[in-house]
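Notes follow once the structure below has been shown.
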Amino acid sequence: MRMRANTAIGGALMALVLGAAVTAAFWTPFDPLRVNLRARLQPPSSLYWLGTDEFGRDVLSRVMAGAATSVVVALLTVALAIAVGVMVGVVTGYLRGWTDRIIMAVNDALLAFPGILLALAVMIVVGANKFGLVLALGLAYIPSVARVVRGTVLSIREKEYIEASRVIGNSELYSMLRHVLPNAVAPVAVLATSMFGWVLLAESALSFLGLGVPPPAPTWGNMLAASRPYMESAVWLGMAPGLCIALTLLGINLLGDSLRDRLDPRMAHG
């Protein structure tokens with residue numbers, strides 16, 4: 001029952017976020033960038049469901065546009081981190097030897113830095129823009145993926161079917177692609193769902209600090225940053241993006257728990 005509840009609640013929350021992101025690509029109630037000083041700091045009403053900000057821009061429209069930005073950045077970052085991290089993890093875990101020692105030494109050195117600090121350093125070099133953000137966060141999370149995949153591959157490479165593949169003359173590359181990689185999918189899938197939440201939170205933090213997608217383009221992080229001077233007079237400015245971040249993290253974590261329980265039934269009774 002817990003698994004079904006996690007799937008239902010998490011799926012509903014993520015469907016809402018993804019629906020808002022997709023809808024924002026084609027339609028929003030108002031132009032999220034249009035300034036209307038005559039309507040500045042309007043409280044929620046029948047016209048402006050979530051109120052307006054200090055420039056008279058509709059908060060609901062900006063939250064929807066921010067969802068599109070956050071989802072795109074998170075998906076691209078997870079795809080980059082998984083693609084590179086899986087390749088590194090499979091190669092080092094399967095081949096072992098000096099290849100494993102050298103690459104994992106570099107990997108462990110990167111893991112010694114908190115991901116957000118590593119992303120900050122990269123953002124300073126590449127600049128504040130959407131694709132710079134993807135590159136920075138991707139590089140920050142690749143070492144974690146590589147470490148998890150390597151551990152999985154180390155156990156898979158000792159299985160009988162891997163030895164049988166070697167005996168019949170299959171190449172190392174064939175064995176990695178045909179036998180090792182498919183059996184490493186389950187932990188990677190669970191890690192990807194968790195990473196989506198980590199990336200979204202990191203993207204919001206970087207945007208809050210002014211190192212994410214630059215204004216006036218809306219993101220949940222820079223909307224939170226802009227709401228700080230109005231925390232008492234216009235509480236809705238910070239409440240809307242803050243709730244979006246919290247509910248998205250809740251949804252993806254519930255889906256991650258459900259996926260983990262389905263792929264590893266032993267965890268369901270933990």
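As the structure is a prediction and not an experimental result, all values here were calculated from the model.
- No side-chain heavy atom of Leu259 sits under 4.5 Å from any side-chain heavy atom of Leu255.
- Taking hydrophobic clusters as Ile, Leu, Val, Met, Phe, Trp and Tyr residues chained together by side-chain heavy-atom distances below 4.5 Å, Ile142 does not share a cluster with Leu111.
- When atom types are taken as modelled, the side chain of Arg150 and the backbone of Gly93 share no donor-acceptor pair closer than 3.5 angstrom.
- Of the possible polar contacts, one joining the Ser204 side chain to the Leu200 backbone as a donor-acceptor pair under 3.5 Å is found.
- Within the 4.5 Å cutoff, no side-chain heavy atoms of Thr99 are placed close to those of Tyr94.
- For Ser155, there are no side-chain contact (heavy atoms from CB on, under 4.5 Å) partners at least two apart in sequence or on another chain.
- Taking each heavy atom of Val190 and Gly256 in turn, the nearest pair found is CG1-O, 4.4 Å.
- Once rounded to the nearest 0.5 Å, the distance linking CD1 of Ile102 with CG of Asn107 reads 13.5 Å.
- Across Leu206 and Ala119, no two heavy atoms sit closer than the pair CD1-CB, 4.2 Å.
- Here the CG atom belonging to Asp58 is positioned 12.0 Å from the CG atom belonging to Leu33, to the nearest 0.5 angstrom.
- Note: the hydrophobic cluster containing Val199 also contains Leu18 (ILVMFWY, side chain heavy atoms under 4.5 Å, direct or indirect links).
- Trp236 and Phe30 fall into different hydrophobic clusters, where Ile, Leu, Val, Met, Phe, Trp and Tyr residues are linked whenever their side-chain heavy atoms come under 4.5 Å apart, directly or through other members.
- A chain of hydrophobic side-chain contacts below 4.5 Å, direct or via other Ile, Leu, Val, Met, Phe, Trp or Tyr residues, connects Leu41 to Met223.
- Scanning both residues, Pro241 and Leu237, for their nearest heavy atoms gives CD-O, 3.1 Å.
- Using modelled atom types, one side-chain atom of Trp49 and one backbone atom of Ser46 make a donor-acceptor pair closer than 3.5 Å.
- In this structure the side chain of Phe208 never reaches within 4.5 angstrom of the side chain of Thr219, judged on heavy atoms.
- No side-chain heavy atom of Asn36 sits less than 4.5 Å from a side-chain heavy atom of Thr52.
- Cluster annotation: Leu60 and Tyr48 are assigned to distinct hydrophobic clusters (Ile/Leu/Val/Met/Phe/Trp/Tyr, side-chain heavy-atom contacts under 4.5 Å, transitive).
- With contacts defined as side-chain heavy-atom distances shorter than 4.5 Å, the pair Val145/Val188 does not qualify.
- Rounding to the nearest 0.5 Å gives a distance of 7.5 Å between OG of Ser194 and CG of Asp257.
- Under the 3.5 Å distance criterion, the side-chain polar atoms of Trp220 are left unmatched by any main-chain donor or acceptor of Gly242.
- Here the closest non-hydrogen pair linking Gly138 and Leu80 is CA-CD2, 3.9 Å.
- Residues Pro218 and Arg57 have side chains not in contact (no heavy-atom distance under 4.5 Å, counting atoms from C-beta outward).
- The distance from the CZ atom of Arg40 to the CD atom of Gln42 is 10.0 Å, given to the nearest 0.5 Å.
- Nearest approach of Ala146 to Val88, heavy atoms of both residues: CB-CG1, 3.9 Å.
- Contact of the Ile82 side chain with the Met195 side chain is registered, since non-hydrogen atoms from C-beta on lie closer than 4.5 Å.
- Between the side chain of Arg62 and the backbone N or O of Pro32 there is at least one donor-acceptor pair closer than 3.5 Å.
- Thr92 OG1 to Asp100 CG: the interatomic distance, rounded to the nearest 0.5 Å, is 5.0 Å.
- Residues Ala24 and Met64 share a closest heavy-atom pair of CB-O, 3.3 Å.
- Taken from CG in Asn253 to CG in Leu13, the straight-line distance is 11.0 Å, to the nearest 0.5 Å.
- Using a 4.0 Å cut-off between charged nitrogen and carboxylate oxygen, Arg147 and Asp108 count as a salt-bridge pair.
- The closest side-chain heavy-atom distance from Glu203 to Thr77 is not below 4.5 Å.
- Ser227 places a side-chain N or O within 3.5 Å of a backbone atom of Leu224 that can act as its donor or acceptor partner.
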